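A short write-up of the structure that comes next.
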Number of protein chains: 2
Amino acid sequence: MESLVANIHDVARVAGVSISTVSYALSGKRSIAASTKQRIDQAVLELDYRANAGARMLKGARTQILALSAPLHAGTHAPAHMAFVLSVVTAARAYDYDVLLLTQDEATMGLRRVARSSLVDGIVLLDVSTSDPRTELVRELGLPATVIGIPNDTAGLTCVDLDFEEAAVLAVRRLVDLGHREIGLIGQAPLVYERGSNFPPRFRDAFLAEAARLGVTVAFTPAAEESAGVRAAVDLVTAALPGMTGLVLHCNEPVQSMVLDVLGQRGISVPGDLSVISACSSFSTDHLNPPLDVIPLPADQSCTRAIELTMAQFAGDTEPHVEYITPTYVELGSTSAPTPL
Amino acid sequence: MESLVANIHDVARVAGVSISTVSYALSGKRSIAASTKQRIDQAVLELDYRANAGARMLKGARTQILALSAPLHAGTHAPAHMAFVLSVVTAARAYDYDVLLLTQDEATMGLRRVARSSLVDGIVLLDVSTSDPRTELVRELGLPATVIGIPNDTAGLTCVDLDFEEAAVLAVRRLVDLGHREIGLIGQAPLVYERGSNFPPRFRDAFLAEAARLGVTVAFTPAAEESAGVRAAVDLVTAALPGMTGLVLHCNEPVQSMVLDVLGQRGISVPGDLSVISACSSFSTDHLNPPLDVIPLPADQSCTRAIELTMAQFAGDTEPHVEYITPTYVELGSTSAPTPL
DNA sequence: CGTCACTGTCGAAACGTTTCGACAGTTCGA
DNA sequence: TCGAACTGTCGAAACGTTTCGACAGTGACG
């Protein structure tokens with residue numbers, strides 16, 4: 001006839017010590033005799049004891065819970081989104097933190113609720129737009145918070161993200177170094193640009209700027225999700241750039257796959273006729289046909305760093321700042337020097 | 001110089017009443033004079049007061065948090081998975097519940113942890129396999145829990161899911177009623193069947209059984225995710241069934257899209273030469289080319305019901321049982337009577 | 001006019017933990 | 001050999017809420 005879940009009194013009784021001894025034994029904040037510690041551990045195991053979360057929160061002022069604000073916008077690619085959510089949860093667990101998931105309207109509204117009720121110790125923001133109401137809210141709440149992505153106004157905020165500008169530079173340089181002089185860029189769906197998502201224009205603008213700097217001719221087009229939209233996008237860049245020998249894809253997995261299909265149908269071989277680079281992709285390109293050179297968008301790296309930064313804010317040894325993750329280039333054989341006409 | 005977050009004492013002081021009066025005013029569990037109530041509401045607004053979550057948990061034995069155990073297995077389609085996660089979170093919020101997300105190994109390990117520490121009031125299980133260690137764990141923990149999906153052993157469990165068997169029957173009947181006598185079924189990726197996910201075989205077996213019952217000829221094949229695998233699957237069913245005039249797709253979005261592409265390449269028109277049905281799809285088929293008749297997999301419906309059932313368990317007015325959601329058939333013009341040879 | 005039920009409010013206990021200060025008992029250097 | 005320093009343990013306070021029981025005031029009824 002035992003209660004549903006054991007508490008610290010039960011453990012103390014079974015081990016024959018006081019509750020403070022149990023607490024110190026488990027936290028290790030004071031020295032405990034080895035024999036006592038052993039009896040306590042035994043009792044804990046026997047009773048399957050875990051400290052009551054509510055009591056711990058109340059007393060300790062630490063909830064060991066993080067709020068993850070992750071609205072899923074139309075046009076956001078679900079698998080990529082999922083990869084970030086998963087990475088955040090996994091990274092948080094490494095610091096013994098659980099994650100409360102706030103989606104859709106709760107991504108904003110719920111933030112205030114859980115913060116003001118001291119349900120969470122910190123906040124992670126996903127998929128911020130250039131001008132996102134959540135950034136203002138986070139500033140107001142004054143809780144440790146980390147933004148994955150770069151909003152327009154980063155004052156007072158801790159942000160981390162892949163250096164999309166540098167990624168664009170990397171892509172352009174690679175093609176230019178190989179000798180390409182006319183390169184295309186197929187981007188995200190139009191509505192992604194319209195919605196104010198932060199990274200697509202960052203990539204595009206840096207791409208165009210670097211190309212201009214190096215004096216190569218470029219054409220850019222967004223690409224809608226459906227196969228018709230993809231076909232249209234491919235036709236558009238090839239029409240704009242009849243001598244195009246290099247192409248960069250900054251779009252989601254199915255679109256990249258469809259682009260390759262369309263190229264195949266058009267009789268364009270990769271990299272024979274066209275060098276193709278997959279930029280800032282959160283998925284593996286090695287099952288594409290052909291596998292594409294890729295500048296990965298490392299969700300786990302961004303998220304791990306975001307959690308580290310949040311923990312650093314708990315410790316108080318960090319100032320708000322913006323951190324960029326350096327992109328890398330992975331060769332998989334989809335680029336080569338342009339074939340002379 | 002005001003503390004970071006206001007507590008009930010602050011509210012009481014500002015409103016000039018005792019803390020118990022504040023508590024009763026906010027919970028409505030005892031009658032309060034209109035004027036007093038008004039002063040309290042005013043103070044709450046002014047201080048942006050929210051009851052401390054830890055204290056509420058500790059005293060009330062209700063945490064207003066649900067654990068969502070959602071491992072993302074290889075082969076699970078991320079968008080579909082995401083749809084379920086989102087639906088659970090949204091449905092839970094309607095009952096003022098927040099959701100703690102447990103993924104990957106934490107989906108099992110973390111369940112025990114959060115349950116034993118009384119962090120959560122209940123549990124929702126996603127993506128259960130036929131024989132899932134989490135079902136045993138849930139039985140052991142004795143917390144209110146709802147399983148989305150049907151494991152082999154449902155004893156003592158509350159489960160809810162689309163009636164995949166009935167969905168299969170619906171698909172077969174539709175084709176047979178139109179006059180088709182040779183119908184194919186393209187299923188999920190092979191590893192989904194191997195992993196022991198519960199619904200794919202349920203659909204497949206019911207499909208084959210109903211076809212046998214009605215005396216029509218069938219061929220089944222799984223389909224790997226890549227375009228080569230899809231092509232192979234299409235070739236396999238057409239080879240097995242030279243006279244095939246009906247085809248049912250029980251696979252994810254990109255695969256269905258690729259199947260339609262392959263059919264187009266093979267010069268097979270839908271529904272002219274082949275009637276095609278999209279079965280148990282969590283996405284909208286109306287942007288496919290052509291849009292497919294569909295038996296939707298309504299994530300929101302399953303999840304809403306799952307939350308309802310969990311809440312019913314809190315109230316104690318429900319026994320463990322299995323509930324099936326009745327599938328519906330949506331016509332979008334991708335089926336017709338077979339053309340006579 | 002005395003009793004009764006009802007309304008509105010309050011004080012205090014309880015929830016389970018962490019942690020501060022206290023205190024025996026032991027060890028050690030002077 | 002005596003106090004100082006250290007070790008291991010304990011009791012009690014505090015965290016912020018909810019809720020039980022109490023009680024003063026009010027109007028109704030006999």
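Values below: every heavy atom of this structure, side chains too, minus hydrogens, waters and symmetry copies. In what follows, chains carry the letters A, B, and so on, assigned in the order in which the sequence lines appear, proteins first and then strands, with residues in each chain numbered from 1. Just so it is clear, the structure is predicted and the values come from calculations on it, not from any experiment.
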Touch class at under 4.0 angstrom, heavy-atom based, for B/Ser118 against every strand present: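 Here B/Ser118 touches no strand at all.
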Sugar-phosphate only, base, or nothing, as touched by A/Ser27 at under 4.0 Å among non-hydrogen atoms: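 No contact at all - A/Ser27 keeps every heavy atom at 4.0 Å or more from the nucleic acid.
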Rounding to an integer number of Å, can you tell me how far [X] [atom1] sits from [N] [atom2]?
{"X": "B/Arg13", "N": "C/dT9", "atom1": "CZ", "atom2": "P", "result": "19 Å"}
{"X": "A/Leu26", "N": "C/dG16", "atom1": "CG", "atom2": "P", "result": "16 Å"}
{"X": "A/Arg62", "N": "D/dC15", "atom1": "CZ", "atom2": "C1'", "result": "16 Å"}
{"X": "A/Leu58", "N": "D/dG16", "atom1": "CG", "atom2": "C1'", "result": "5 Å"}
{"X": "A/Gln64", "N": "C/dG16", "atom1": "CD", "atom2": "C1'", "result": "17 Å"}
{"X": "B/His9", "N": "C/dA12", "atom1": "NE2", "atom2": "C1'", "result": "11 Å"}
{"X": "B/Ile32", "N": "C/dC6", "atom1": "CD1", "atom2": "P", "result": "18 Å"}
{"X": "A/Lys37", "N": "D/dT9", "atom1": "NZ", "atom2": "C1'", "result": "15 Å"}

Please answer whether the main-chain N or O of [Y] pairs with a side-chain N or O of [X] as donor and acceptor at a distance below 3.5 Å.
{"X": "A/Arg134", "Y": "A/Ser69", "answer": "yes"}
{"X": "A/Gln104", "Y": "A/Leu72", "answer": "yes"}
{"X": "A/Arg116", "Y": "B/Asp48", "answer": "yes"}
{"X": "B/Gln42", "Y": "B/Ala15", "answer": "no"}

Nearest-nucleotide 5' precedence on DNA chain D, A/Ser18 against B/Arg50: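 That would be A/Ser18.
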Which nucleotide, [options], lies nearest any side-chain atom of [X]?
{"X": "A/Asn7", "options": "D/dT9, C/dT17, D/dG16", "answer": "C/dT17"}
{"X": "A/Asn52", "options": "C/dT9, D/dT17, C/dG16", "answer": "C/dG16"}
{"X": "B/Ile19", "options": "C/dT9, D/dT18, D/dT9", "answer": "D/dT18"}
{"X": "B/Ile8", "options": "D/dT18, C/dG8, C/dT17", "answer": "D/dT18"}

All N/O pairs under 3.5 Å across the protein-nucleotides 22-27 of chain C interface:
| unit_1 | atom_1 | unit_2 | atom_2 | d |
| --- | --- | --- | --- | --- |
| C/dA22 | N6 | A/Arg30 | NH1 | 3.3 |

Side-chain N or O of [X] versus OP1/OP2 of [N]: is the shortest distance under 4.0 Å?
{"X": "B/Ser20", "N": "C/dA12", "answer": "no"}
{"X": "B/Lys29", "N": "D/dT19", "answer": "yes"}
{"X": "B/Ser31", "N": "C/dG8", "answer": "yes"}
{"X": "B/Thr21", "N": "C/dG8", "answer": "no"}
{"X": "A/Ser23", "N": "C/dT18", "answer": "yes"}

Contact nearer the 5' end of DNA chain C, comparing B/Val17 with B/Lys59: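 On the 5' side of the pair lies B/Val17.
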Under 3.5 Å donor-acceptor pair, A/Tyr24 side-chain atoms to C/dC20 base atoms: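 By the distance-only test, yes, there is a pair.
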Intermediate values then yes/no, side-chain hydrogen bond (donor to acceptor under 3.5 Å, both in side chains), B/Asp121 and B/Thr63: CA-CA 6 Å; B/Asp121 293 338; B/Thr63 70; 3.1 Å; yes
Lys/Arg N to Asp/Glu carboxylate O, A/Asp105 vs B/Arg93, below 4.0 Å: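 Not counted as a salt bridge, because no side-chain N and carboxylate O are separated by less than 4.0 Å.
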N-O pairing of A/Asp153 and A/Arg139 below 4.0 Å: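 Salt bridge present between A/Asp153 and A/Arg139.
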Sequence-distant partners of A/Phe199, ring pair (Phe, Tyr, Trp, His ring centres under 6.0 Å), two or more places apart: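 Per chain and number, A/Phe199 pairs via ring pair (Phe, Tyr, Trp, His ring centres under 6.0 Å) with A/Phe164, A/His250.
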